[in-house]
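Shown next, in structure tokens, is the structure this report addresses.
We use all heavy atoms of the structure for the numbers below, so side chains are in, but hydrogens, waters and symmetry mates are not. Being a predicted model, the structure only gives us computed values, none of them experimental.
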Amino acid sequence: MAVPTSIYQTSTGQYTATGDMPTYQIRAPTTALPQGVVMAASPGSLHSPQQLAEEATRKRELRLMKNREAAKECRRRKKEYVKCLESRVAVLEVQNKKLIEELETLKDICSPKTD
DNA sequence: TAACTATAACGTCAGTCAAG
DNA sequence: CTTGACTGACGTTATAGTTA
């Protein structure tokens, strides 16, 4: 099943906002591990099925923990992006209102008098 | 006050994509 | 091809507001 890519996602995964608003490019390499993460022993030192199972479990827990953090960060960025869009909507609505008013004024000025 | 509803935040899975 | 980061989708949980 194909998962549709987000309409607000660039090819590199950053959120973008068009127009005057800032562009988010905050994807940074995550080098630091969360506290409490123990690095694996080198693969060559694993032998017994017991050790292999423990290694698999450890890898899974590490993956889940990283994904947990990634999901939090992803949601935070998305919220920020939505906020950004909302404030842009507000600005454009004000702009639009002003332009409509200006248009009405110009119409009044330019329309032939009918007395 | 208990039962219900709406909403937000979360954790996990599965899929995509870019880099190596 | 493999791997790691990212993110949509889904189910769960917590919390606040509403109603009988």
Rounded to the nearest angstrom, tell me the gap between atom [atom1] in [X] and atom [atom2] in [N].
{"X": "L62(A)", "N": "dG11(B)", "atom1": "CG", "atom2": "P", "value": "16 Å"}
{"X": "M65(A)", "N": "dG11(B)", "atom1": "CE", "atom2": "P", "value": "12 Å"}
{"X": "R60(A)", "N": "dG11(B)", "atom1": "CZ", "atom2": "C1'", "value": "11 Å"}
{"X": "N67(A)", "N": "dC6(C)", "atom1": "CG", "atom2": "P", "value": "10 Å"}
{"X": "E69(A)", "N": "dA9(B)", "atom1": "CD", "atom2": "P", "value": "16 Å"}
{"X": "K66(A)", "N": "dT7(C)", "atom1": "NZ", "atom2": "C1'", "value": "17 Å"}
{"X": "R76(A)", "N": "dT7(C)", "atom1": "CZ", "atom2": "P", "value": "11 Å"}
{"X": "R68(A)", "N": "dA5(C)", "atom1": "CZ", "atom2": "P", "value": "15 Å"}

- Query: Do K66(A) and E69(A) meet the salt-bridge criterion of a basic N to acidic O distance under 4.0 Å?
  - Reply: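 Looking at K66(A) together with E69(A), the answer is no, because their closest N to O distance does not fall below 4.0 Å.
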- Considering only NZ, NE, NH1 and NH2 on the basic side and carboxylate oxygens on the acidic side, decide whether K107(A) and E104(A) come within less than 4.0 Å.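 Between E104(A) and K107(A) there is a salt bridge, with a charged N closer than 4.0 Å to a carboxylate O.
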Heavy atoms, side chains only, cut-off 4.5 Å: are [X] and [Y] in contact?
{"X": "R75(A)", "Y": "K79(A)", "value": "no"}
{"X": "E55(A)", "Y": "R58(A)", "value": "yes"}
{"X": "Q95(A)", "Y": "L92(A)", "value": "yes"}

Closest to the [X] side chain: [options]?
{"X": "R77(A)", "options": "dT7(C), dT12(B), dG11(B)", "answer": "dT7(C)"}
{"X": "K72(A)", "options": "dT12(B), dG11(B), dG8(C)", "answer": "dG11(B)"}
{"X": "L64(A)", "options": "dG8(C), dG11(B), dC13(B)", "answer": "dC13(B)"}

- Note on the structure: Test side chain to side chain contact (heavy atoms under 4.5 Å, CB included), reference R76(A), set E73(A), K78(A), K72(A), output is E73(A)
- Give a yes/no answer on whether the side chain of K79(A) brings an N or O atom under 4.0 Å of OP1 or OP2 in dA9(B). yes
- Reading nucleotides 11-16 of chain C 5' to 3', which nucleotides get B (base under 4.0 Å from a protein heavy atom), which S (sugar-phosphate only), which -? ------
- Task: Check if the side chain of R75(A) and the base of dG11(B) share a donor-acceptor pair of N or O atoms closer than 3.5 Å.
- Result: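 Yes.
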- In this structure, CZ of R63(A) is separated from CZ of R68(A) (nearest 0.5 Å) by 11.0 Å
